[in-house]
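Throughout, numbering of the chain's residues begins at 1 and tracks the sequence.
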Amino acid sequence: MEMENENKEPGIIFLVPDSNSTMAIKYINSDHHISGIETPLFANIELNDDCVYADLFKIPTAEITTTTTENINLTCNSTRSVDVNIDVFSNDPAKLTLLAPFSYEKRKLILNNGPCQPQKIDMPNKRFPVHNSRSFQCSWYMKTMPDGSTTRREWLSYSCSKDKIFCIYCILIGNEKSMVWTSTGFSSWNKASERIVMHETSSNHIEVCLKIKLEDTCLPLLPSMLKARNEFVATNRMIVEAIIEIILYLARHSLAFRGHRESWSDNLRGNFKDLVCLLGKYHPILATYIVGHQEKNKNKYDFISWRRQNQILESLASYTRVVVLKQIKTAKFISLTIDGTFDNSRKEQLAFVIRYLIEDSGEINERLINLKECNNTSSEQLFNIFEKICNENSLNWKDYLVGQSYDGASNMRGAYNGLQAIIRRSNTAAIFVWCYAHRLNLVLIDAVSSSVNAVDMFGIIETVHDFINSSKKRVALFELHQEKCYGNKQRKRRFKRVQTTRWWSHDLALNTDTFDALCDTLKELQKSECVSDRKGAHQAKCLKENLICDKFLLTAFIYKQLFEIVTPLSKMLQTVDIDLIEVIAVVDDKTRELKNARSDVHFLKLQEKVNLFKMSTSMDIEDFKPLPLNRSKRVPKRSAEETQDEVITDPLQNFKIQTFFVAYDTAIVQIKERFSEIAKGIYKDLSLFSRRRLEEISKNNDLLPKDAFDVFSDVYSKFIQKDVLKREYLQFSKSYFNFEQVKLLPLQLHKSKIEIDDDLSSSLTDEASESETEDSFENNDNKQVKEVPKLHKNGCSLSIVLKVLLISGLSSTFPMLTTALKIAVTLPVASTTPERTFSKLNIVKNKLRSTMAEGRLESLMILSCESDIKIETDQIINDFARKSIIVLIFQIIVFSLFKNNIQLNSTKLYCSFKKKITISSSFTIFSLIVLLN
């Protein structure tokens, strides 16, 4: 595992007060953290800009205003000037207190203007004011040094307006506890000499002087540093942007990042490093970084270590989750789907999926928001995890959770102690929907086990799969015979395995279409293995005999036809945007199709298909074994029986009764039993939103049942008022089809070729009357109305009705109806999204990646499953930069000082930071902290 170089030199951090006198953390330089990609500190700065420091510290350039009439232009040795409205004595210290707080620009202007030290000749009457025979003396401007020389006191400033002296250094920095030298001023002239010396030798005044001098010494060097820093930051951001794209590519394609060996001297270094090197060939800046990274200690920043990968993955996953949560909070109503599975490290992983409506487009989304490890799958533990996730993501499930869907496990769907029951104790509106896709799978399991012939047929298929795939020689022989039989007409296929836990494995096993190649393979194996493997040869002979018989073929065609009816229903139940009304309509249709297929006519057609299949094979029809004759048994007549049971001697009739009818009867009965609740309770209220009901009610309002929406309004009483909903429903039904015709596109924009030819011929003959023309327009209009709905008339999806409502702008006109439809489309139908998540899980956390940490796994799963969410790279880079170790430690120190009410003076801040990190440039750090504290 690639580790970071922990001996790299740390960087420089200092505090900067912002314009609102709050605290902001800025980064000057860093050698082992990642602040080198930060931009707020160094963005948009020019060397010749007089306001460079204002931009640097995010403090706007001051426009100083006072109650005066004269403008004085103050220049600061730069190309820019600042117009400041102050008094004639622009440096009068008494007026400076009105300008607080003092930014660097203000201090620079005031200090460049110098202290206010007027002479007697500058004063009115050519002298200073006299009080009690005392007055200010100009000699106090000067200070006598021990060697007898004199120097000017640059801090001492005389206020002509107040006849007092002030310390402008203490005014600007504000570090003097006494108010005499900063606010009120000093005017005790009899003690002036003594007090001036006391002040200029005090520790506070000396510290302020040091800060002023450090400001003049250090900060003028920053512009050139900032220019180089800006270029450095821009380079680092381009490098990180390229690395983010590589990580995003690998994560969305569920590919491994690391390799067995990742040294730069290895030919293969894993997908991540190899992609970095590949992209570096076309990215000069990244190529330069790679070369510097290969030469140790040349690069100060490591952006490609495993820790940086985890940080970027965390930032990407957090951004994706934030986007989803914003959509969820906008939608308000949500549904929950939870499922669990074992991963390759034998850990239980729980997938939390949220279903919600995007109001702008009217689309339904199901998003993975979390993947958590769970050692205990009891209902109480699952509820605790669910509640914790909702709190972390600020999901108001007690008010807006309107539905929940799980599989048939007792810890999930238990009526008293299951997870759904525990959730409903806190939120009765969160109705439970047992996954319809799981129900349909149980229906098919019962159907394929309904008769002896069905069990034998699928058992033979499973045995053939095991027999062929148990030897590489047999697999190669099977592929060879496929090439001989079909050539290039179809690609080579593998025999599918029948599994009870895998959806539609029975259907896939019957659609292999390699019957001839399989029979030829078994025939050759029977001959070739009779000496070396007598058991295998005998097994091949038995399997071939079982395949070329009418019983096997008839049974296979029965279930192939049954799967052709039910498979579309299964695929529809696995879609995201399906709703309960659509389920009701499709289940009804499929039940009718099954009933129609269970007839003597369809059985005769099935026989014809079998006969045509036998004729299309390479074998003779005489080779197929017919149905066995049933031995007639004489059943003794029992007491009270008036007639004896009729013995069925015809094998075909017996097969039809014992296998054909039983298969369809089992499927029909099981669908009615397992889908029986769709005709009860809230489902009846939801059925009123179908197109058929809307059309009936629009013609006659009296057809609306008196108890319409009773159950729905009771369950969702927090949002729905029954009387208002019924009134809006009646009004909406009258105009729905008008809006549907206008707002929804027809299924076919252009006429068929026959209609075009007819129109062309009629236009050439000019024999059509006006009445015929009007009739043709009416017919075309009627055709267009019938083509509008994308689904059949009875079960028009709720989402289509809601889209018409939203697109037409009727949500404000019918607010209660809109809310009801939003809740209805949000109700879950199946828990198939977690199943698809687990399919991704097997790819992401395979046997070679079984030691992956939970945080990394969750990030990779979110990026892989929600790959359609657009990522803003700049936000990812900024979030990645905030994950610096230096930044975190410094924030902890500042927070602890604030928490303990410790004053953030320069010495304490420097000492606290120095205890945590070894700082090479200690003087620079200390000077900056002192300067900007």
Side-chain angles (χ1 to χ4, degrees), residues 1-9 30-34 36-37 235-236 238-317 342-347 349 371 373 839-864 867 876-877 880 883-885:
M1 181 177 295
E2 183 179 348
M3 301 296 292
E4 290 182 307
N5 186 1
E6 300 296 340
N7 296 324
K8 294 181 181 179
E9 192 177 25
S30 175
D31 293 341
H32 99 180
H33 66 89
I34 55 180
I37 62 175
T235 300
N236 285 346
M238 294 179 67
I239 294 172
V240 174
E241 183 178 2
I243 292 175
I244 287 175
E245 294 297 332
I246 295 173
I247 290 177
L248 198 59
Y249 172 83
L250 293 174
R252 286 179 170 176
H253 288 80
S254 305
L255 298 175
F257 280 64
R258 309 187 62 209
H260 183 61
R261 293 182 179 89
E262 293 186 318
S263 174
W264 291 110
S265 59
D266 295 325
N267 293 327
L268 299 177
R269 313 174 189 90
N271 291 334
F272 177 71
K273 277 195 172 181
D274 285 344
L275 281 177
V276 171
C277 295
L278 177 63
L279 190 60
K281 295 180 180 179
Y282 311 97
H283 196 298
I285 296 178
L286 183 61
T288 304
Y289 173 79
I290 294 171
V291 173
H293 193 276
Q294 291 175 351
E295 300 175 5
K296 294 185 177 179
N297 298 326
K298 186 172 181 179
N299 278 337
K300 298 179 180 180
Y301 302 93
D302 187 3
F303 296 131
I304 60 177
S305 67
W306 62 272
R307 282 196 177 93
R308 300 298 177 241
Q309 293 176 24
N310 289 345
Q311 289 173 347
I312 294 177
L313 283 171
E314 183 183 352
S315 298
L316 288 169
F342 275 131
D343 59 17
N344 283 309
S345 61
R346 308 308 297 167
K347 294 180 180 179
Q349 299 289 347
L371 184 77
E373 179 184 344
S839 299
K840 289 277 189 180
L841 180 62
N842 289 330
I843 301 174
V844 174
K845 192 174 183 180
N846 53 33
K847 293 181 180 179
L848 298 178
R849 307 170 72 186
S850 58
T851 59
M852 187 184 305
E854 282 300 311
R856 185 184 179 99
L857 175 62
E858 184 179 27
S859 299
L860 288 173
M861 286 297 299
I862 291 176
L863 294 176
S864 179
S867 57
I876 302 301
I877 295 175
F880 169 61
K883 298 182 184 298
S884 169
I885 299 174

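- Taking a 6.0 Å sphere around CD1 of I843, one finds it holds more than 12 heavy atoms contributed by other residues, nucleotides or ligands.
- Put simply, the side chain of R261 does not reach to within 4.5 Å of the side chain of L268, judged on heavy atoms.
- At distances below 3.5 Å, not a single donor-acceptor pair connects side-chain atoms of H293 with backbone N or O atoms of Y289.
- Between the side chain of N236 and the backbone N or O of M238 there is no donor-acceptor pair closer than 3.5 Å.
- Checking side-chain atoms of N310 against main-chain N and O of R307 turns up no donor-acceptor pair under 3.5 Å.
- Rounding to the nearest 0.5 Å places CG of D343 at 11.0 Å from CG of N846.
- To the nearest 0.5 Å, atom CD of residue Q311 and atom CG of residue L316 are 12.0 Å apart.
- To the nearest 0.5 Å, the span separating CG on L279 from CD1 on I239 amounts to 11.5 Å.
- No side-chain donor-acceptor contact under 3.5 Å links S867 to the backbone of L863.
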Worked check of side-chain contact (heavy atoms from CB on, under 4.5 Å) between W264 and C277: CA-CA 10 Å; W264 291 110; C277 295; 3.5 Å; yes

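- A side-chain donor-acceptor contact under 3.5 Å links Q349 and E854.
- The two residues G280 and I290 have their closest heavy-atom pair at CA-CD1, 4.3 Å.
- In this structure, I247 CD1 and I312 CD1 are separated by 4.0 Å, a value rounded to the nearest 0.5 Å.
- Closest non-hydrogen pair, K273 versus I304, comes out as CE-CD1, 4.4 Å.
- Atom CD of E314 is separated from atom CD1 of I862 by 10.5 Å, given to the nearest 0.5 angstrom.
- Proximity of a side-chain donor or acceptor of N271 to a complementary backbone N or O of A256 within less than 3.5 Å is detected.
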Verdict with reasoning, F257 to I246, per side-chain contact (heavy atoms from CB on, under 4.5 Å): CA-CA 10 Å; F257 280 64; I246 295 173; over 6 Å; no

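- What you find for L860 and R849 is that their closest heavy atoms are CD1-NH2, 3.5 Å.
- Side-chain polar atoms of S345 and K845 form a donor-acceptor pair below 3.5 angstrom.
- By the 6.0 Å and 45° rule, R308 does not stack over the aromatic ring of F880.
- Screening V240, L248, I244 for a side-chain contact (heavy atoms from CB on, under 4.5 Å) involving I876 leaves a single residue, I244.
- Residues A251 and S864 come closest through the heavy atom pair O-CB, 3.5 Å.
- The shortest heavy-atom contact between L857 and M852 is CA-SD, 3.6 Å.
- Ionic pairing of R269 and D274 is present here: one or more N-O contacts between side-chain nitrogen and carboxylate oxygen are shorter than 4.0 angstrom.
- Atoms CG and NZ, on L371 and K840 in that order, are 13.5 Å from each other to the nearest 0.5 Å.
- With hydrogens and angles left out, the side-chain atoms of R258 and Q309 include no donor and acceptor closer than 3.5 Å.
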